[in-house]
Amino acid sequence: MQLTMWKWLHPYAKTERAFALCSKLLPWCWGGAALGLTIGLIWGLAFAPADYQQGDSFRIIYLHVPSAILSMGAYSGMAIAAFIGLVWQIRSADMAVAAIAPVGAVVTFVALFTGAAWGKPMWGTWWVWDARLTSELILLFLYLGVMALYQSFEDKQQGAKAAGILALVGVVNLPIIHYSVEWWNTLHQGATITKFGKPSIAPEMLWPLLISIVGLGLLVAALSLYRLQSEMIRREMHRPWVQAMYTQQEGQ
């Protein structure tokens with residue numbers, strides 16, 4: 001298993017190859033994100049039927065649910081990159097941790113903010129120390145902690161190692177977020193699209209939500225890849241491939 005993984009990762013251990021892969025993926029991610037978010041949000045906000053209990057206020061679901069799901073998805077991606085960086089000592093994986101953390105933090109903040117805006121008319125308050133909300137807030141602190149650790153070391157290799165360890169430790173919070181509504185008595189509603197069997201949401205509401213999730217996922221990927229390229233250039237500024245790239249751009 002480790003040998004197979006290494007054979008797949010080895011070409012991208014070189015930051016130059018990883019940078020080129022990001023360049024190939026970025027246009028597809030930007031285009032898919034623009035298309036998915038445009039269709040999903042317009043469909044959900046303007047054309048999906050109103051909820052029979054919540055009326056039009058439920059429409060915040062088309063931003064809140066994707067951001068909540070992607071806050072955990074981005075953290076999972078960051079933790080995988082941290083694991084690869086710690087086990088196989090791949091520099092581009094360490095840089096990916098630093099690239100993903102701010103993007104994930106913003107998405108987590110959006111999830112918390114939209115959740116508070118949704119909770120006010122539904123629960124009568126902006127915030128309660130609900131299990132789901134509290135564990136999501138802890139996720140934001142984990143992102144901030146990873147960012148702070150990475151920046152606190154002058155030796156970026158040591159900073160990446162410390163940040164990677166924290167990212168891996170924080171993975172334990174992800175199942176807590178997901179199952180908190182089942183494990184504890186909570187105001188937050190249960191799963192609607194991720195539970196087994198038929199989702200408890202009408203298809204005409206479900207499809208724009210799914211498209212919005214895909215669109216936001218591609219946006220998170222695009223921002224992370226863009227930040228990864230910036231981190232590579234910043235860290236590898238002295239390397240010949242970066243200097244050659246700038247020389248080529250200046251000559252065009």
Checklist entry - How would you list, by chain and number, every residue that makes a side-chain contact (heavy atoms from CB on, under 4.5 Å) with Thr108, sequence neighbours excluded? => result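 side-chain contact (heavy atoms from CB on, under 4.5 Å) list for Thr108, sorted by chain: Ser71, Leu112, Glu136, Leu139, Leu140, Tyr143.
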Contact check, side chains of [X] and [Y], non-hydrogen atoms, under 4.5 Å:
| X | Y | answer |
| --- | --- | --- |
| Ser212 | Leu63 | no |
| Thr15 | Trp241 | yes |
| Val171 | Tyr75 | yes |

Checklist entry - Would a hydrophobic clustering, with Ile, Leu, Val, Met, Phe, Trp and Tyr connected at side-chain separations under 4.5 Å, put Val214 with Ile211? => result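 Shared cluster, no.
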Checklist entry - Are Trp30 and Leu35 connected, step by step, through hydrophobic side chains (Ile, Leu, Val, Met, Phe, Trp, Tyr) whose heavy atoms are closer than 4.5 Å? => result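 Both belong to a single hydrophobic cluster.
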Item to check | Test salt bridge (charged side-chain N to carboxylate O under 4.0 Å, His left out) applied to Arg239 and Glu16, step by step | outcome: CA-CA 10 Å; Arg239 300 291 296 275; Glu16 182 178 0; over 6 Å; no
[atom2] on [Y] to [atom1] on [X], rounded to 0.5 Å:
| X | Y | atom1 | atom2 | result |
| --- | --- | --- | --- | --- |
| Ser92 | Arg235 | OG | CZ | 10.5 Å |
| His178 | Arg132 | NE2 | CZ | 7.5 Å |
| Met78 | Ser224 | CE | OG | 10.0 Å |
| Phe47 | Ile42 | CZ | CD1 | 7.5 Å |

Next on the checklist: More than 12 heavy atoms of other residues, nucleotides or ligands under 6.0 Å from CZ of Phe113: yes or no?
Outcome noted: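 Open: at most 12 neighbouring heavy atoms sit under 6.0 Å from CZ of Phe113.
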Checklist entry - Taking the inter-plane angle between the rings of Phe58 and Tyr62 on a 0 to 90° scale, is it parallel (under 30°), tilted (30 to 60°) or perpendicular (over 60°)? => result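 Plane angle over 60°, so perpendicular.
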